[in-house]
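Quick notes on the structure that follows.
What's counted below: heavy atoms across the whole structure, side chains too, no hydrogens, waters or symmetry copies. In what follows, every chain begins at residue 1, and chains take the letters A, B, ... in the order their sequences are listed.
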Amino acid sequence: MLRLYDTATSDVRDFVPLRDGEASLYVCGLTVQSEPHVGHVRSAVNFDVLQRWLRYRGYRVTFIRNLTDIDDKILIKSAEQGRDWYNLAYEMHRQLDRAYADLNVARPTYEPIATGHIPEMIELISELVERGHAYPAADGSGDVYFDVRSWPAYGELSHQGIEDMEAAADADPRGKRDPRDFALWKGWKQDSEPATAAWPSPWGRGRPGWHIECSAMAGKYLGPAFDIHGGGLDLRFPHHENEQAQARAAGRPFASYWMHNAWITTSGEKMSKSLGNSLLIPAVLERFRGIELRYYLVAAHYRSHVEFSFEALAEAATGFGRLESFLERAADVLGEIPAGGEPNDVFVAALDDDLGTPAAMAAIHDLVREGNRLLPEGAGAELRRVAGSVRAMLAILGLDPADPAWGPGTGGDEKLTAAVDVLVRGLLDQRAAARAAKDWASADAIRDQIQAAGIEIEDTPDGPKWSI
RNA sequence: GGUGGGUUGGCCGAGAGGCGAGGCAACGGACUGCAAAUCCGUGUACACGGGUUCAAAUCCCGUACCCACCUCCA
C-alpha cells in the first residue's frame, strides 16, 4: 500500500486514487525566466520518481507539468535584456528541457504552457465573478481580484488564518477590497508593457495573474477533481493556497493530496537567494555526470532539506560508482544484465512509505554487496537474479546506467575507445612481461604512467582491465 | 506577530519508544609481488536541561541556535 505525506492534512496517508488503477498528477513546473539550477531540477527529479513509482505500482498515470511563460519577472528581465519576452521565455524553456534530459527526467503526459490557455482562464475567472468570489477592480485598472473574504476556507492548505497573515508589504491597495485579495487578471499597462503581453478579455486587454493558470490547466487536463498536486515548498503559500481557493470556489474539488519537496540550500540559504553561476545545471555537469547528480538528489528524501556541496556530490558520485561497477562486472560475467528483474521487498516497502528513497538506496547497496560476494563464483542463477534486481531498482529511480537516455556509454566515442585500448593494451603487455620477470619496479612504473593519464587498472583473474 | 521545518558519529544522510539504515572517509584482516577493486570486521552518534517509561535519538515540558513561508521563488 502506497502512503504519501499530504501537506493539507500534515500527515502520511494511504494513497487512494479517485479512480481505481489510475493516478492523476499535476506538478507546478517553472516560470521560465532564468537558467535552471540544481534546486529547480530537484523538484523535477522528485516528482519524476513519484511518476515512475506510480507506474511501477501499476497505475495508469496522467502526469501534467506546466510551464509559466508570462509573468512580471519575465517582462522585467526581457526588457532589461532588450528582447521580446516570448523570446526569453522560449530560450529558457529550451534550456530547461535540456537540463531535464541530462538528468533523465521522464516527460510528463503533457506540458501545458500558460499563454496557450488564456480562454480557459477567462472562463474560470468569469465563473468566479458570477459566483461572487471575484470582482473587477473599482479603480478602472482592468484588474480582477479574488475575494478572499468570500471564501471562509481560505488558508486551509497552509494552515493559516486570514487575520494572522501579514498584509503584503507592497499592498498597494489599488482596487482591492482586502489587501490579501490576489489578482486573477491584470489589466494592461499600456505605458510600460508590450502589446504582445496583453490578451482580450471581458474586463479589457490584460494578462493572467500567476495562480489562475494552474487551476485552469489542471481543470482542463485532469478534470475538476484529481489525485495529487505537487511542487516546491515555497509554492505552498500563496500559490497553491490560491489555486485551491479559486478552484474550490468555482465548485471544483481539486486535488486530493498535496505534495511539496524541500529545499536545496547553499551555505544554509535557499538557492534562489545565494545563487552563483556554479550551481546552474550546465556548470555542474561540467564536473559531474547527470546520472551522478541525479543519484545525489534521489539519495536524500524529497521532504528533507539538502545542503548542497560539491564535496557531498563527489561522495555521492563515488557511492554510485560502486553500484555501477558491480553492474559492469556482472555484465562481464553474465554477458548481459537481464532486464525485467524484480525489486526486492525492502525496496518496495521503502518507496511505498512516502517515497523513502534513502531506505530504497540502502536496499540497493545491500544487494550489491551480496552480488559482489557472488561475483567470484561466476555466472549463476543467483548472480543473474541479483544483478537483474539491482538494475530494475535503479531503473525505477531513473538511475539505470544502461538506460539509453544517458546517451552513449561513459566510454564515449567508440573509435576513440578502440584507439586507447590498443595503446593501453601495449603498455599492459609490457607490464605483464615485467611482472613475469618479477621486475616490480618497472611494472609499477608502467601502471603509474597509465594512471597518470587518468586510466584505472584493475587486475582480475581474467587479466588486467582498464577504465577511465 | 502567525505558520511550518530543522539540530544525528570525522563527513553526507536515514530512522521516530527496545535490536547501530546506507554511503564516504579512517583503522584492522582476507586477496595481491605491492596496489586497485572486492569481501570480512572495527565506532559506545542523536543540540542542551528536566521529565514520563522496565526501556527515549524517538514521547512530554523548557532552553538555545538555524532555516523557510506569510512578497516573485522548485
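- For the OP1/OP2 pair of B:rC34 and a distance below 4.0 Å, the side-chain nitrogens and oxygens of A:Arg435 include no atom meeting the criterion.
- With both ends at atom P, the span from B:rC39 to B:rA25 equals 13 Å, rounded to whole Å.
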Identify each atom pair where a protein N or O and an N or O of nucleotides 13-16 of chain B are less than 3.5 Å apart, giving names and distance.
{"residue": "B:rG13", "atom": "OP1", "partner": "A:Glu307", "partner atom": "N", "Å": "3.4"}
{"residue": "B:rA14", "atom": "OP1", "partner": "A:His301", "partner atom": "N", "Å": "2.9"}
{"residue": "B:rA14", "atom": "OP1", "partner": "A:Ser304", "partner atom": "OG", "Å": "3.0"}

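- Between A:His365 and the phosphate of B:rG22, there is no side-chain N or O to OP1/OP2 separation shorter than 4.0 Å.
- Residues that satisfy the side chain to side chain donor-acceptor pair (under 3.5 Å) test with A:His305, not counting sequence neighbours, are absent from this structure.
- Among residues two or more places apart in sequence or in another chain, the salt bridge (charged side-chain N to carboxylate O under 4.0 Å, His left out) test is passed with A:Asp84 by none.
- In this structure, the side chain of A:Arg294 engages the main chain of A:Leu397 through a donor-acceptor pair within 3.5 Å.
- B:rC24 and B:rA14 have their C1' atoms separated by 15 Å, given to the nearest Å.
- A:Leu233 places its CG atom 16 Å from the P atom of B:rC67, with the value rounded to the nearest Å.
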Could you pull out all donor-acceptor pairs under 3.5 Å where a side-chain atom in residues 153-160 of chain A meets a protein atom, sequence neighbours excluded?
{"residue": "A:Tyr154", "atom": "OH", "partner": "A:Asn242", "partner atom": "OD1", "Å": "2.5"}
{"residue": "A:Glu156", "atom": "OE2", "partner": "A:Arg248", "partner atom": "NH1", "Å": "3.4"}
{"residue": "A:Ser158", "atom": "OG", "partner": "A:Gln160", "partner atom": "NE2", "Å": "2.9"}
{"residue": "A:Ser158", "atom": "OG", "partner": "A:Glu241", "partner atom": "OE1", "Å": "2.6"}
{"residue": "A:His159", "atom": "NE2", "partner": "A:Ala8", "partner atom": "O", "Å": "2.9"}

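- Dense packing is recorded around CZ of A:Arg13, with more than 12 heavy atoms of other residues, nucleotides or ligands lying under 6.0 Å away.
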Which nucleotides of RNA chain B pair, in dot-bracket form (Watson-Crick or G-U under 3.5 Å, | meaning another strand): (((((((..(((.....[...))).(((((.......)))))....(((((..]....))))))))))))....
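- Note on A:Asn372: a side-chain N or O is less than 4.0 Å away from OP1 or OP2 of B:rC39.
- Relative to the six-membered ring of A:Phe310, A:Arg287 meets both conditions, a distance below 6.0 Å and an angle of at most 45° to the axis.
- Comparing A:Ala316 and A:Gly231, the nucleotide of RNA chain B nearest to each residue sits closer to the 5' end for A:Ala316.
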Pull out every protein N or O sitting under 3.5 Å from an N or O of nucleotides 26-31 of chain B, one pair per line with the distance.
none

